[in-house]
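Quick notes on the structure that follows.
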Amino acid sequence: MHHYHNKKHHNHRTLAFYHYAMKSGLAYVNPDLKLWVGIISLVLCLLSCGFTSIVIAVIMIGVILFFGKVNVKEYWHLLRIPFTFILLSGIVLLVDISRIEEGIVFISILHRYLIITRESLFTASKISVKAMCSVTCLYMISLSTPMHEIIKVLRKWKLPEIMIELMFLIYRFIFVLLEVYYNMKTAAKTRLGYVNLRRSYQSFFGICTNLFVIAFQKASKNFDAMEARGYDGNLRFLESEKPATKKQLGLCGGYFLVIIILLGVERILI
Amino acid sequence: MRGVFSSDNYLAWRRKDINMSMTKHVLKVEHAYFSYEEGRYALHDINVSINKGEKIAVIGSNGAGKSTFFLTLNGVVKLLEGELYFHGEKLDYSRNHLVKLRKSVGMVFQNPDDQIIASTVEGEISFGLFNIGMKTKEVRTKVNGVMQEMNLTEYAKRPPHFLSGGEKKRVTIADVVVMEPEIILFDEPMASLDCKNTALFREQIDKLHKRGVTLLISTHDMNFVWEWAERVIVFADGEIVADDIPTVIFENDEIISRASLQKPLLFESEKYRNKV
Amino acid sequence: MRGVFSSDNYLAWRRKDINMSMTKHVLKVEHAYFSYEEGRYALHDINVSINKGEKIAVIGSNGAGKSTFFLTLNGVVKLLEGELYFHGEKLDYSRNHLVKLRKSVGMVFQNPDDQIIASTVEGEISFGLFNIGMKTKEVRTKVNGVMQEMNLTEYAKRPPHFLSGGEKKRVTIADVVVMEPEIILFDEPMASLDCKNTALFREQIDKLHKRGVTLLISTHDMNFVWEWAERVIVFADGEIVADDIPTVIFENDEIISRASLQKPLLFESEKYRNKV
Amino acid sequence: MRKKEKNLFIALLGFALIFSKIPTVNAMHIMEGYLQPGYCVAWGVLCIPFLALGIIKINKVVGEHRKTLLILAMVGAYTFVLSSLKFPSVTGSSSHPTGTGLGAMIFGPNVMAVIGIIVLLFQAILLAHGGLTTLGANTFSMAIAGPIVSFGIYKLGTKLKWNRKVTVFLAASLGNLFTYCVTSVQLGIAHPSVTEGIGGAIGEFLGIFALTQIPLAIIEGLLTVAVFIGLEVY
């Protein structure tokens with residue numbers, strides 16, 4: 001293994017999800033299966049009142065940590081940002097403003113009351129819990145399935161071909177441009193481009209502008225290269241088949257059965 | 001050392017040239033003109049015929065027209081004037097002709113990142129085969145074969161941006177080799193390869209030459225030209241200013257200065273040795 | 001031909017080395033380690049001191065650590081362990097220190113497209129000067145001076161991305177030269193330059209050397225190393241496996257094979273000649 | 001009065017949160033799981049006509065010039081890369097530019113809707129910005145509503161011969177702000193306030209991130225001007 005790879009690794013830290021997906025223990029599982037499980041779980045999370053979604057989240061976390069071999073600490077690190085957003089939005093849902101003292105908690109501020117009612121507490125916590133659980137479903141997909149496999153699944157779903165081609169190309173170009181961006185940033189640093197905030201913005205703007213120019217130039221060269229290999233508006237690549245095993249299908253069936261029963265029970269009780 | 005055989009080579013090449021004018025060339029360009037912007041020709045009255053199995057070095061300064069010339073041979077750049085003949089047949093730039101031409105004339109670009117478009121190595125290598133309408137099963141066999149030959153099998157499922165510069169280069173060569181072209185055009189293939197990868201590349205082109213593939217390599221490395229090439233095409237300002245065997249080219253000081261070239265070290269030292 | 005003077009050189013260099021350990025180095029790295037990823041070192045126990053006015057070639061395969069080493073010297077890559085001394089002062093990576101270091105240690109990147117970030121040539125060359133807080137008037141004078149020196153005046157208002165490869169390279173060199181650094185690091189500067197631009201570059205570095213600028217050039221061109229360098233640092237797998245004068249390096253087959261190098265043509269032919 | 005005080009409180013809260021070193025997150029994307037299934041579908045359906053128009057347009061343009069496909073893909077990749085970067089900042093927040101206004105001005109809002117939904121899908125999966133169930137809502141706000149405003153202002157400004165820089169700046173920054181407003185409306189409709197209903201909730205959502213969003217819109221505007229003017233040099 002060359003050190004060269006590591007540098008790239010470092011550069012693409014921005015795309016942490018992608019790296020976990022590439023080395024995931026679930027990389028060899030059928031991508032259709034992973035995508036379906038993730039999306040159906042998401043929908044079930046949204047349909048639930050809270051309890052079932054927690055069960056789903058526990059299973060999703062379990063799958064990604066145990067089978068996907070993602071480090072617990074790193075997983076938590078990835079969860080932190082969406083959770084912060086959910087908490088912030090949760091506060092908006094939780095707190096209301098009223099002229100009178102009402103609700104279960106109230107704080108007087110500037111002749112008004114910040115109140116939390118039983119109802120708002122219930123809604124806020126329900127929505128936040130559901131959102132957090134949904135995030136784990138999304139993460140199950142992102143941390144186990146590389147983007148190009150997802151695009152292949154979308155092709156089977158009969159998305160317009162032009163979108164599929166755009167996706168393949170965009171996905172490839174993201175890495176090309178990210179590398180150029182990091183190289184430019186490093187070069188700007190060696191010339192003190194980030195010496196203060198003002199100059200940082202100057203550098204940032206300059207890099208973004210030149211990156212755009214280079215993106216155009218590269219598009220042109222890439223097109224020539226594609227034509228040279230006989231491209232005529234049909235983007236096809238060799239893909240490896242990863243058929244789902246009976247065991248995997250069985251497990252997924254069992255999982256959905258349990259969740260749907262739970263959901264039914266939850267609906268009846270609440 | 002090749003210098004010793006140069007006069008033999010020269011005669012052989014001249015003979016071949018004469019024969020060829022009677023028989024078929026693989027590729028022949030006649031009175032070709034091309035221009036990216038009005039008033040300035042990127043290619044100006046180009047006349048070249050390329051014969052089977054030749055080892056041709058294409059040299060000249062940056063912007064002298066080498067890359068445009070290559071793109072012309074592949075049909076990517078459409079000539080403004082002049083003709084391109086492929087096995088004696090005039091190219092009419094119809095889809096059929098272009099497919100046939102591009103199947104037979106492969107091009108490896110200078111910067112691998114400008115060529116790679118797929119998200120896995122095997123996907124990348126398969127791209128050209130799918131374009132010429134090959135079926136998946138056959139594609140799989142061919143791609144696997146080339147990956148094995150070029151030591152890329154372990155990278156098959158890896159995304160290309162994980163690879164080092166030398167490995168990426170190998171992938172882009174595999175891209176073209178898999179299509180089994182008759183002619184391969186290499187645009188400055190060794191520009192940023194290290195010594196080890198350069199040696200690997202040299203092995204690769206020797207292998208291709210033995211299989212009868214015609215090779216055109218554009219380069220600034222005169223030592224490589226001296227050691228490898230059987231024939232040298234010199235570009236300057238969009239024109240071909242010389243097209244001959246290496247000894248003749250490097251002995252002609254006028255050409256050397258007109259095309260801003262440098263003489264190969266070995267050429268100089270061999271000459272020196274011969275004098276002593 | 002340099003080979004003839006090699007033993008003299010060797011002594012001179014050794015002497016310098018001994019002197020330097022008593023006097024001040026411009027730049028000195030001690031027990032430096034760096035790693036992009038846990039468990040694997042990109043730089044491993046690097047010990048180097050660089051003296052004023054030296055002409056150093058840095059060689060080794062792709063990914064052997066040359067670029068990382070350069071970035072270390074500029075303070076962009078922060079050492080995990082070990083120390084960097086600049087004129088005897090230990091770098092503490094504080095802003096003040098970094099500003100001082102980066103003002104004095106310039107780096108020219110391999111690919112001009114990775115370095116150019118302004119939309120005109122003069123804007124590009126002025127970038128570093130504005131960063132160190134120079135006033136507009138003074139910047140204008142310096143930029144004009146450098147543009148004149150490097151034959152770039154006619155391109156002043158032109159967008160850099162539309163220049164040719166050789167011209168872009170000149171712009172990126174001007175970028176650094178304008179800041180009047182004590183040390184300039186060139187990362188594979190001649191990788192895709194044509195013969196003419198290579199010659200121009202050679203002139204440029206000679207000029208810089210005469211002004212007392214210390215030069216470190218990473219390259220895969222062993223002939224250039226042999227002709228130009230006074231000292232060669234060889235990297236393999238993130239370690240420095242040799243640091244000596246060219247003759248010693250290229251006579252040592254173990255180093256050559258460990259770092260996957262090739263011997264320079266002139267070295268071989270001179271040796272041959274000496275034997276004859 | 002009531003409203004003002006509320007906004008003041010929210011502003012204070014915002015300050016407290018930002019300076020307590022919690023990473024401020026991008027408030028443009030609606031997080032995965034934050035909308036009920038009905039709203040997910042509704043916003044998605046609302047996007048379909050725009051996307052369909054965009055696909056027809058792209059197919060037409062690409063049919064004429066195949067190279068356009070590569071250019072569109074590069075613009076998409078550029079937009080994504082831009083949105084994955086952080087603005088240089090003293091507090092180290094993770095706010096970032098959206099870049100959709102730029103594309104809309106060059107290629108028109110329909111084309112940008114298609115590129116936008118792809119970029120949003122990539123952002124959801126590769127960056128965890130937004131989500132799959134909220135893809136429709138996010139597409140509507142970021143890839144349709146914002147770009148339409150940007151495009152409209154750009155066209156208007158060009159027609160009325162405003163200063164080029166001012167036009168581009170207004171187009172990009174107002175497009176950015178409009179996206180943010182639409183997002184707040186989407187959240188407000190989905191989660192009305194108990195005491196004040198939908199309107200109140202929209203106000204709350206608008207208020208809580210206003211402190212970070214307005215400077216971001218300004219920076220986005222400046223950045224777009226820089227890129228746009230830089231491009232015109234070429």
Side-chain angles (χ1 to χ4, degrees), chain B residues 1 3 36-37 59-64 66-67 110-111 113-114 163-169 187-200 202 218-227 234-236 256-273 276, chain C residues 1 59-64 66-67 110-114 162-170 187-200 202 218-227 234-236 256-273 276:
Chain B
M1 291 296 127
Y36 287 106
E37 56 186 311
I59 60 180
S61 344
N62 292 331
K66 303 188 301 297
S67 303
Q110 181 180 354
N111 182 354
D113 277 335
D114 291 340
L163 306 180
S164 74
E167 287 155 356
K168 273 192 209 171
K169 192 86 216 172
D187 197 2
E188 296 185 35
M190 295 164 295
S192 44
L193 293 185
D194 57 18
C195 302
K196 196 176 134 197
N197 279 300
T198 306
L200 274 174
R202 294 288 295 266
S218 88
T219 180
H220 299 304
D221 183 347
M222 296 302 135
N223 297 315
F224 169 77
V225 173
W226 179 247
E227 280 181 63
V234 185
F235 273 84
I256 297 289
S257 90
R258 164 126 192 242
S260 311
L261 302 173
Q262 274 196 314
K263 297 195 180 187
L265 293 172
L266 280 182
F267 172 78
E268 300 271 53
S269 78
E270 275 169 31
K271 231 170 54 175
Y272 174 84
R273 206 152 65 213
V276 174
Chain C
M1 291 294 122
I59 60 180
S61 347
N62 290 331
K66 303 187 301 295
S67 303
Q110 181 181 353
N111 183 353
D113 283 344
D114 288 342
F162 276 68
L163 304 179
S164 75
E167 287 157 355
K168 273 192 219 172
K169 191 86 216 175
R170 241 151 61 215
D187 197 0
E188 296 184 34
M190 294 164 296
S192 43
L193 292 185
D194 56 20
C195 301
K196 194 176 135 195
N197 280 300
T198 306
L200 273 173
R202 294 287 295 266
S218 87
T219 182
H220 298 306
D221 181 348
M222 296 302 135
N223 297 316
F224 169 78
V225 173
W226 179 248
E227 282 180 62
V234 185
F235 274 85
I256 298 288
S257 89
R258 166 129 190 237
S260 312
L261 302 173
Q262 274 197 312
K263 297 195 180 187
L265 293 172
L266 280 182
F267 172 77
E268 299 274 49
S269 76
E270 276 168 30
K271 232 173 50 179
Y272 175 85
R273 206 152 64 215
V276 176

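Quick note: numbers below take in every heavy atom, side chains included, and nothing from hydrogens, waters or symmetry partners. Proteins come first, then strands; the chains are lettered A, B, ... in the order of their sequence lines, and each starts at number 1.
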**Item:** Interface moiety of C:Q262 toward chain B, non-hydrogen atoms closer than 4.5 Å
**Value:** both
**Item:** Distance (rounded to the nearest 0.5 Å) between B:N223 CG and C:N223 CG
**Value:** 5.5 Å
**Asked** Under a 4.5 Å heavy-atom cut-off, does chain B meet the side chain of C:S61, its backbone, both or neither?
**Response** both
**Residue part contacting chain B, namely of C:M222, when any heavy atom lies under 4.5 Å** = side chain
**Asked** More than 12 heavy atoms of other residues, nucleotides or ligands under 6.0 Å from NZ of C:K263: is that the case?
**Response** yes
**Request:** Taking B:D194 for its side chain and C:N62 for its backbone only, find out whether a donor-acceptor pair lies under 3.5 Å.
**Result:** yes
**Item:** Shortest non-hydrogen contact from C:S192 toward B:A191
**Value:** CB-CB, 4.1 Å
**Request:** Side chain from CB out, backbone as N, CA, C, O: work out which of these in B:N111 comes under 4.5 Å of a heavy atom of chain C, or both, or neither.
**Result:** neither
